[in-house]
Engineer: 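Attaching a single structure in structure tokens format; questions to follow.
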There are 2 protein chains.
Amino acid sequence: MTDAPGKPRTTIVTLSRSAGVSTSTVSRALKGDPSISPAMRARIVALAAEAGYMPNIMARTLSSGRSGLIGLVLGPATNPFYAMLLEELVRQAAAKQQRFMIIHAGAGPIEDSTAEALLHYRVDGCLITSADLSSRAADVCARNGVPVVMINRIPREHASAVSCDNAEGGASLARFLRAGGHRRAGILHSGAGSSNGIERERGFTEAFDKDGARTVFRYDARSVYEGGYAAGEAIVAMPANKRPDCLFAVSDIIGMGAMDAIRAKGLRVPEDISVVGFDCIPDGARPHYAITTFRQPVAAMVRRGLDLLAARIGEPKLPDESVLLRGEIVIRTSARQAAGGGEVAD
Amino acid sequence: MTDAPGKPRTTIVTLSRSAGVSTSTVSRALKGDPSISPAMRARIVALAAEAGYMPNIMARTLSSGRSGLIGLVLGPATNPFYAMLLEELVRQAAAKQQRFMIIHAGAGPIEDSTAEALLHYRVDGCLITSADLSSRAADVCARNGVPVVMINRIPREHASAVSCDNAEGGASLARFLRAGGHRRAGILHSGAGSSNGIERERGFTEAFDKDGARTVFRYDARSVYEGGYAAGEAIVAMPANKRPDCLFAVSDIIGMGAMDAIRAKGLRVPEDISVVGFDCIPDGARPHYAITTFRQPVAAMVRRGLDLLAARIGEPKLPDESVLLRGEIVIRTSARQAAGGGEVAD
DNA sequence: TCGATTCATGCAGACGTTTGCGTGAAATGA
DNA sequence: TCATTTCACGCAAACGTCTGCATGAATCGA
């Protein structure tokens with residue numbers, strides 16, 4: 001088994017021998033069990049440190065059932081929002097001694113064999129950030145009692161979720177646009193599969209479509225830049241009196257595409273058409289875009305999500321919970337605003 | 001241990017009982033050991049499928065030493081290049097039944113406790129994609145005989161590596177620029193920490209600085225958009241007769257920042273200044289940028305990297321290997337080219 | 001027909017930890 | 001001083017899989 005007999009890994013057994021105690025004592029001492037005397041604990045800890053002892057998680061998992069691994073299903077990382085999410089997740093998880101096994105990244109569907117890896121490795125829980133509504137991984141978890149929490153998605157059966165208040169975000173943007181004098185909205189959505197997009201649009205529409213203001217255009221931009229670009233082209237091609245005077249993109253990446261297309265075709269943003277997005281991805285802050293958007297509280301969402309998951313790993317019977325975090329509008333220059341300054345970020 | 005006594009997981013023991021054979025036979029049958037008769041194997045496989053048997057990787061690892069897990073150290077995912085790499089890695093690894101445990105993502109340094117997780121989980125190998133020269137994870141692996149391969153980096157002690165021929169890429173771009181009549185280059189590099197950037201610049205300079213053509217400007221853009229933007233501003237601020245007539249950005253993201261700044265300050269790209277980048281990230285293809293660049297063969301790099309790693313997992317004594325893959329120039333419109341059409345992608 | 005191979009399978013120990021239960025000694029109370 | 005509680009620790013089984021070795025049966029050659 002060990003092909004390098006010269007270097008016998010230091011294990012609990014090794015330690016127990018050199019300390020002259022039992023393996024149980026070592027095990028308990030190392031994890032701070034109160035039934036071990038302080039003196040003994042100190043001695044063992046010192047020994048372990050000196051020997052460079054590294055617990056074998058596999059053995060621990062086998063024995064205790066806890067792997068410390070969390071399965072991660074990530075959305076398309078090429079959307080900067082998911083990249084942000086990933087970095088934040090990894091950062092916070094590492095601080096809590098939790099590790100991610102990455103199950104999926106990207107837009108495509110998850111293969112069955114991939115989802116089953118969750119079970120093979122006995123992940124303690126599963127985190128799903130994909131906005132996509134269907135999810136094989138969630139099914140597998142549900143069937144096997146693995147707690148799952150979703151970040152940036154509305155929940156589903158057997159799952160907790162944390163997301164930002166998408167409807168309120170949409171409404172906030174709508175109010176901002178109305179205050180800026182806009183009356184004819186165009187909505188660049190992301191299809192029926194995205195719970196986020198749906199909520200955002202709902203909130204937007206409810207706040208925008210009143211007093212004669214209304215939505216005059218909708219386009220499925222599939223959450224990608226190219227989709228937004230195509231939408232922008234379509235809008236510029238419309239007769240001027242039919243065109244929307246403002247655009248609500250359910251994600252920044254779409255809005256950026258639309259802005260580029262609109263400008264490339266000779267119209268101005270925001271003079272001719274205002275554009276607002278959602279997510280507050282770093283790219284949107286570039287001077288070229290300076291897109292007015294709604295910031296999701298990513299760090300807080302991640303923190304809450306990890307907490308939710310940890311709680312359910314400890315106590316599987318906990319009922320599903322769904323938390324909504326408040327985001328904030330960030331006003332830049334891609335949309336005209338009321339002379340007085342318009343709505344203040346609440 | 002099992003808190004849900006109602007659902008006894010089906011294990012090899014379960015199967016062996018219902019098949020009336022020993023656990024050894026089941027184990028061997030399931031992995032296609034030739035010493036098991038075809039009839040027996042078929043019977044067991046059928047039984048396993050019916051019972052929905054899922055091997056417990058933790059137990060397997062404990063016994064055999066192989067976890068099937070690969071540690072992954074990812075560069076800053078907010079750079080689209082790493083996002084591409086991530087998606088490709090996950091896709092290809094999944095197809096080979098390999099899983100990634102993600103050790104790190106982002107620009108910051110790796111904490112010791114994080115790097116040690118590699119050992120805790122007994123990863124079979126480690127993949128490092130960060131361009132950063134120093135790497136705690138690599139040290140840990142080296143000390144413990146865990147094979148590591150680096151993608152998109154030049155190798156170091158105890159590591160294999162696969163990257164694209166960065167120097168040739170730089171040279172290729174330089175030839176293209178020279179053919180387009182450029183004589184005064186500006187280089188937007190990424191500091192001394194990036195082996196890629198250094199190689200790219202070296203190749204570029206060797207091919208560009210001759211016959212009177214030369215490099216007149218260098219700027220550390222730190223591999224981020226903002227760095228490129230600042231560089232662009234600096235360039236525009238230079239007296240016209242001192243300015244470079246073309247810019248080589250060691251990565252697209254930098255070049256894009258520079259383009260935006262140059263245009264924002266009233267100069268034109270490519271009419272006043274040509275810009276070329278490196279990586280061929282999706283964002284660079286947008287009409288707004290259409291940046292001429294050098295495409296790294298990401299899929300091939302990932303494939304080779306995974307192969308290299310698999311080989312070393314199987315045969316740890318294998319000497320380090322370092323493979324260079326050829327990329328290709330992709331010509332768009334961010335740089336003026338010779339009337340005749342210039343260099344053809346080779 | 002019999003010993004020598006080959007074949008298919010079983011036995012049992014090992015991998016490193018965890019944990020319920022048991023136990024001797026020290027501490028406590030009367 | 002003795003019975004009782006508390007304390008600190010050890011015992012041993014269990015987690016699920018792998019694998020070197022042994023074993024009985026079937027096949028082979030002569």
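Since the model is a prediction, treat every value here as computed from it, not as a measurement. In what follows, every chain begins at residue 1, and chains take the letters A, B, ... in the order their sequences are listed.
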Engineer: Return the minimal non-hydrogen interatomic distance between Arg312(A) and Ser160(A), and the atom names on each side.
Structural biologist: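 Looks like NE-OG, 3.1 Å.
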
Engineer: If you measure from the Lys or Arg side-chain nitrogens to the Asp or Glu carboxylate oxygens, is any gap between Arg99(A) and Asp124(A) under 4.0 Å?
Structural biologist: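 No, this pair does not count.
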
Engineer: Are any of Ser27(A)'s side-chain N or O atoms less than 4.0 Å away from OP1 or OP2 of dT18(C)?
Structural biologist: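 Result: yes.
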
Engineer: Evaluate the side-chain proximity of Leu309(B) to Pro147(B): yes if any heavy-atom separation is below 4.5 Å, no if none is.
Structural biologist: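 Contact flag for Pro147(B)/Leu309(B) side chains = yes.
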
Engineer: Go through the steps to decide whether Arg43(B) and Val21(B) satisfy the test side-chain contact (heavy atoms from CB on, under 4.5 Å), and finish with yes or no.
Structural biologist: CA-CA 11 Å; Arg43(B) 197 156 68 90; Val21(B) 299; 4.1 Å; yes

Engineer: Which of the following nucleotides, dT17(C), dG16(D), dT9(C), is nearest to the side chain of Leu62(B)?
Structural biologist: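 Comparing dT17(C), dG16(D), dT9(C) against the side chain of Leu62(B), the answer is dG16(D).
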
Engineer: Without swapping roles, check the side chain of Ser63(A) against the backbone of Ala59(A) for a donor-acceptor pair under 3.5 Å.
Structural biologist: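 Here the side-chain-to-backbone pair does not exist.
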
Engineer: Are the charged groups of Arg304(A) and Glu321(A) less than 4.0 angstrom apart, N to O?
Structural biologist: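 Judged by the 4.0 Å cut-off on N to carboxylate O distance, Arg304(A) and Glu321(A) do form a salt bridge.
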
Engineer: Return the nearest nucleotide to the side chain of Ser24(A); candidates are dG10(D), dT17(C), dG10(C).
Structural biologist: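 Of the options given, the side chain of Ser24(A) lies nearest dG10(D).
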
Engineer: For a quick check of understanding: with a heavy-atom distance under 4.0 Å over all strands, which category does Ser37(A) fall into, base, sugar-phosphate or nothing?
Structural biologist: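 Sugar-phosphate contact only - Ser37(A) comes under 4.0 Å of backbone atoms but never of a base.
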
Engineer: Which nucleotide sits closest to the side chain of Ser35(A): dC9(D), dT18(C), dC11(D)?
Structural biologist: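 It is dC9(D).
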
Engineer: What is the distance, to the nearest angstrom, from the CZ atom on Arg17(A) to the P atom on dT17(C)?
Structural biologist: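 Value for this atom pair: 12 Å.
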
Engineer: To the nearest angstrom, how far is Arg43(B) atom CZ from dA8(C) atom P?
Structural biologist: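 Atom-to-atom, Arg43(B) to dA8(C), this comes out as 15 Å.
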
Engineer: When you measure from the side chain of Gln92(B) to the backbone N and O of Leu306(B), does any donor-acceptor pair fall under 3.5 Å?
Structural biologist: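 Side chain of Gln92(B) to backbone of Leu306(B), a donor-acceptor pair under 3.5 Å: no, none is there.
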
Engineer: Nearest of dC11(C), dC18(D), dT19(C) to any side-chain atom of Ser22(B)?
Structural biologist: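 The closest nucleotide is dC11(C).
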
Engineer: Distance check needed: dC7(D) P versus Arg41(A) CZ, whole Å only.
Structural biologist: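 Distance, rounded to whole Å: 14 Å.
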
Engineer: Return the 5'-most residue of the pair Ala59(B), Thr25(B) with respect to DNA chain D, ranking by each residue's nearest nucleotide.
Structural biologist: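 Its nearest nucleotide lies further toward 5', so the answer is Ala59(B).
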
Engineer: Could you check whether the side chain of Ser64(A) and the base of dT18(C) have a donor-acceptor pair of N or O atoms closer than 3.5 Å, going by distance alone?
Structural biologist: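 Flag unset: no donor-acceptor pair detected.
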
Engineer: Please determine, for the side chain of Thr23(B), which listed nucleotide (dT18(C), dA12(C), dG10(C)) has the closest atom?
Structural biologist: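 Nearest to the side chain of Thr23(B) among the choices is dA12(C).
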
Engineer: Are a donor atom and an acceptor atom from the side chains of Thr25(A) and Ser22(A) found within less than 3.5 Å of each other?
Structural biologist: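 There is such a pair between these side chains.
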
Engineer: So for the helix from dT1(C)-dA30(D) to dA30(C)-dT1(D), with five pairs setting each end axis, what is the inter-axis angle to 10°?
Structural biologist: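 Helix axis angle between the two ends: 30°.
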
Engineer: Rounded to whole angstrom units, what separation is found between the CG atom of Asp33(B) and the P atom of dC18(D)?
Structural biologist: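 Roughly 11 Å, once rounded to whole Å.
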
Engineer: Give the rounded distance in Å between these two atoms: CZ of Arg9(B) and P of dG16(D).
Structural biologist: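 Going from Arg9(B) (CZ) to dG16(D) (P), I get 9 Å.
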
Engineer: Of the candidate nucleotides dC15(D), dA12(C), dC21(C), which contains the atom at the shortest distance from the side chain of Arg28(A)?
Structural biologist: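 Nearest to the side chain of Arg28(A) among the choices is dC21(C).
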
Engineer: I need the CG-P distance between Leu15(B) and dG10(C), as an integer number of Å.
Structural biologist: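 These atoms are roughly 14 Å apart.
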
Engineer: Would you say dT17(D) has OP1 or OP2 under 4.0 Å from some side-chain N or O of Tyr53(B)?
Structural biologist: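 For dT17(D), OP1 or OP2 has a side-chain N or O of Tyr53(B) closer than 4.0 Å.
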
Engineer: What nucleotide among dG16(D), dT19(C), dT17(C) has an atom nearest to a side-chain atom of Lys31(A)?
Structural biologist: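 Nearest nucleotide to the side chain: dT19(C).
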
Engineer: Return the value, rounded to whole Å, for the distance between atom CG of Leu30(B) and atom P of dT19(D).
Structural biologist: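 For the pair Leu30(B) CG and dT19(D) P, the rounded distance is 14 Å.
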
Engineer: Check every strand shown and say whether Met58(A) touches a base, only sugar-phosphate, or nothing at a heavy-atom separation below 4.0 Å.
Structural biologist: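 Contact class for Met58(A): none.
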
Engineer: May I have the distance from Met54(A) (atom CE) to dC15(C) (atom P), rounded to whole angstrom?
Structural biologist: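 So the two atoms are 20 Å apart, to the nearest Å.
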
